[in-house]
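Chain letters run A, B, ... following the sequence lines, proteins first and then strands; every chain starts at 1. When reading the values below, keep in mind they use all heavy atoms of this one structure, side chains included, and skip hydrogens, waters and symmetry mates.
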Number of protein chains: 2
Amino acid sequence: MRKGRNVIRNKHNDICEVRTVDKRRVAAVRKGMLTGEEAGRLSETFSVLADPTRTRIIHALSQAELCVCDISAVIGVSVSAISHQLRVLRNMRLVKFRKESKMVYYSLDDGHIETLFNEGLKHVRE
Amino acid sequence: MRKGRNVIRNKHNDICEVRTVDKRRVAAVRKGMLTGEEAGRLSETFSVLADPTRTRIIHALSQAELCVCDISAVIGVSVSAISHQLRVLRNMRLVKFRKESKMVYYSLDDGHIETLFNEGLKHVRE
DNA sequence: TTCTCACTTGAATACTTGTTCAAGTGTAAC
DNA sequence: GTTACACTTGAACAAGTATTCAAGTGAGAA
C-alpha cells in the first residue's frame with residue numbers, strides 16, 4: 001500500500017519540489033546509497049574507458065609493450081593525440097613507461113582495468 | 001633486435017608521418033586489434049557509467065524498483081535531469097519501466113551492467 | 001656543434017554532454 | 001469541464017573533452 005505524498009525540504013531549507021512517493025523505500029535505498037565521492041570516483045574510472053582511442057590503447061598494451069609511434073601505427077591516430085591520451089592514462093596510474101634512449105615504451109600498470117575492459121568486451125560481444 | 005624504421009602509407013595514399021619501430025610486433029598487435037566498431041560500442045557502454053548521476057541511478061535501481069520522483073529524492077537531482085538520464089538508459093536498454101496510473105516505475109533490465117558496475121566499485125574501493 | 005628523431009606540451013578549435021527552464025502530455029481527482 | 005500531479009521533452013547554456021597544429025625538449029648520430 002502506497003503512503004501519502006510528502007513535501008520534503010532540502011538543505012537550503014527552501015521548499016523542495018521533490019515529493020517522495022514511498023518514504024520507507026526511499027529511506028532504505030538512500031541508506032545503502034553511494035556517497036557523492038564514491039560515485040564520482042566510480043564514474044571517473046569508467047570515463048577512462050569511455051573513449052575509443054583509449055580503449056584501443058589499453059587493448060593494444062594488454063597484448064604487448066609498445067612505444068608511442070607503434071601505438072600510433074597500430075591504432076591509426078596521430079602521435080600527438082596518442083601522447084595526450086597516454087598522459088591521461090599515466091595520471092590515473094593505469095600505464096607505466098620505460099625509457100630506452102630516445103624511445104618510450106608503455107605497458108599496462110593496473111590489472112583491474114584489464115578485468116574491467118574484458119568484462120565490457122564480453123557485454124559488447126554478448 | 002630492433003628492425004629499421006619504416007615509412008608506411010595510409011589509406012589515402014599520402015605519405016604517413018607514422019613510422020613503425022617494430023614491424024613484426026605492430027603487425028601482430030594489429031591483427032588482434034579491436035575493430036573500430038567494437039571499440040566504439042565498447043566505449044559507448046562505458047560512457048553510460050561515466051557519469052555520477054547515471055551510476056547512482058543504476059545503483060539505486062539495483063536495490064529497488066523506483067518511480068522517477070523517488071529516484072530524484074534518493075539522489076538529490078531534479079526530476080527533469082533524472083528523466084533525461086533515464087532516457088539515455090532506456091535507449092541503451094539498460095532499464096525497463098512499468099506504468100501504474102500516473103506513475104512510472106523503473107528497474108534494471110541488464111545483468112551485465114550490474115556486473116560491470118560492481119567490478120568498477122571493487123576497483124574504486126580497492 | 002648541428003641535425004635528426006621520438007616524444008611531449010600548450011593553445012586553439014570543434015565537438016559532446018549534463019543541467020536547467022519552460023512548455024507539453026496524459027491520467028486521475030474534483 | 002477544471003485542476004493537480006507525474007513525467008517527458010526541446011531549447012539554451014555552460015562545462016568538459018578529443019584532436020590538430022606548432023613549438024619545444026632531450027638524447028643520440030653525424
Side-chain angles (χ1 to χ4, degrees), chain A residues 2 4-7 10 14 16-22 26 36 39-40 43-44 46-57 65-73 75-92 95 97-106, chain B residues 2 4-7 10 14 16-22 26 36 39-40 43-44 46-57 65-73 75-92 95 97-106:
Chain A
R2 196 124 347 271
R5 286 91 178 108
N6 305 89
V7 176
N10 64 20
D14 298 331
C16 183
E17 56 167 300
V18 176
R19 292 131 195 272
T20 58
V21 168
D22 189 326
V26 167
S43 54
E44 197 181 29
F46 285 116
S47 295
V48 176
L49 293 159
D51 173 78
T53 302
R54 280 196 298 270
T55 59
R56 302 182 100 194
I57 291 175
E65 182 193 56
L66 293 168
C67 70
V68 178
C69 70
D70 279 356
I71 299 174
S72 169
I75 298 180
V77 170
S78 76
V79 168
S80 177
I82 295 292
S83 189
H84 278 295
Q85 298 296 4
L86 284 171
R87 184 158 58 120
V88 174
L89 297 174
R90 246 162 33 218
N91 289 343
M92 302 215 83
V95 298
F97 61 97
R98 170 175 76 79
K99 291 189 181 179
E100 190 175 306
S101 76
K102 285 189 293 188
M103 323 281 288
V104 183
Y105 289 94
Y106 281 88
Chain B
R2 192 108 10 252
R5 285 92 177 108
N6 305 90
V7 176
N10 63 20
D14 297 329
C16 182
E17 56 168 299
V18 176
R19 292 132 194 272
T20 59
V21 167
D22 189 325
V26 167
S43 55
E44 198 180 28
F46 286 116
S47 295
V48 176
L49 292 159
D51 173 77
T53 302
R54 281 195 298 269
T55 59
R56 303 182 101 194
I57 291 175
E65 182 193 56
L66 293 169
C67 70
V68 178
C69 70
D70 279 356
I71 299 173
S72 169
I75 297 180
V77 169
S78 76
V79 169
S80 177
I82 295 292
S83 188
H84 277 295
Q85 298 296 6
L86 284 170
R87 185 158 59 119
V88 174
L89 297 174
R90 249 164 28 221
N91 288 343
M92 301 215 81
V95 298
F97 61 95
R98 169 175 76 78
K99 291 190 181 178
E100 189 176 296
S101 76
K102 285 189 290 188
M103 322 281 288
V104 183
Y105 289 94
Y106 280 88

Check the orientation of B:Tyr106 and B:Phe97. Use parallel for under 30°, tilted for 30 to 60°, and perpendicular for over 60°.
tilted

How many Å lie between CD1 on A:Ile82 and P on D:dT19, as a whole number?
8 Å

To the side chain of A:Cys67, which of C:dG18, C:dC7, C:dG10 is closest?
C:dC7

Distance check needed: D:dT19 P versus A:Arg87 CZ, whole Å only.
13 Å

Take atom CG of B:Asn91 and atom C1' of C:dT17, then tell me their distance rounded to the nearest Å.
15 Å

Nearest-angstrom distance from the residue atom CG of B:Leu49 to P of C:dT17
15 Å

Would you find a donor on one side and an acceptor on the other, under 3.5 Å apart, between the side chain of B:Ser43 and the backbone of A:Leu49?
no

Given D:dT19, D:dT9, C:dA6, the nucleotide with the shortest approach to the side chain of B:Arg90:
D:dT9

Using heavy atoms to find the nearest nucleotide of DNA chain D for A:Ser101 and B:Leu86 separately, return the residue whose nucleotide is more 5′.
B:Leu86

Return yes if the base of C:dT17 and the side-chain atoms of B:His84 contain a donor-acceptor N/O pair under 3.5 Å, otherwise no.
no

What's the closest nucleotide to the side chain of A:Ser83 if the choices are C:dT8, D:dG26, D:dA6?
C:dT8

Working to the nearest 0.5 Å, report the span between NZ of B:Lys99 and SG of B:Cys67.
14.0 Å

From D:dC7, D:dA6, D:dA18, pick the nucleotide closest to the side chain of A:Arg54?
D:dA18

Using the side-chain heavy atoms of A:Met103, tell me which of these nucleotides is nearest: C:dA6, C:dT20, D:dC5.
C:dA6

Donor-acceptor check, side chain of B:Arg54 to backbone of B:Ser47, threshold 3.5 angstrom: yes or no?
yes

Starting from C1' on D:dA30, measure out to NZ on A:Lys102 and report it in whole angstrom.
12 Å

Does the A:Arg98 side chain pair with the main chain of A:Tyr105, one donor and one acceptor, at a distance under 3.5 Å?
no

Give the nucleotide from the list D:dC7, D:dA6, C:dC7 with an atom nearest to the side chain of A:Val68.
C:dC7

Does any donor-acceptor pair link the side chain of A:Ser80 with the base of D:dC21 at a separation under 3.5 Å?
yes

Taking the minimum atom-to-atom distance to the side chain of B:Gln85, which one of D:dA6, C:dG18, D:dA18 wins?
C:dG18

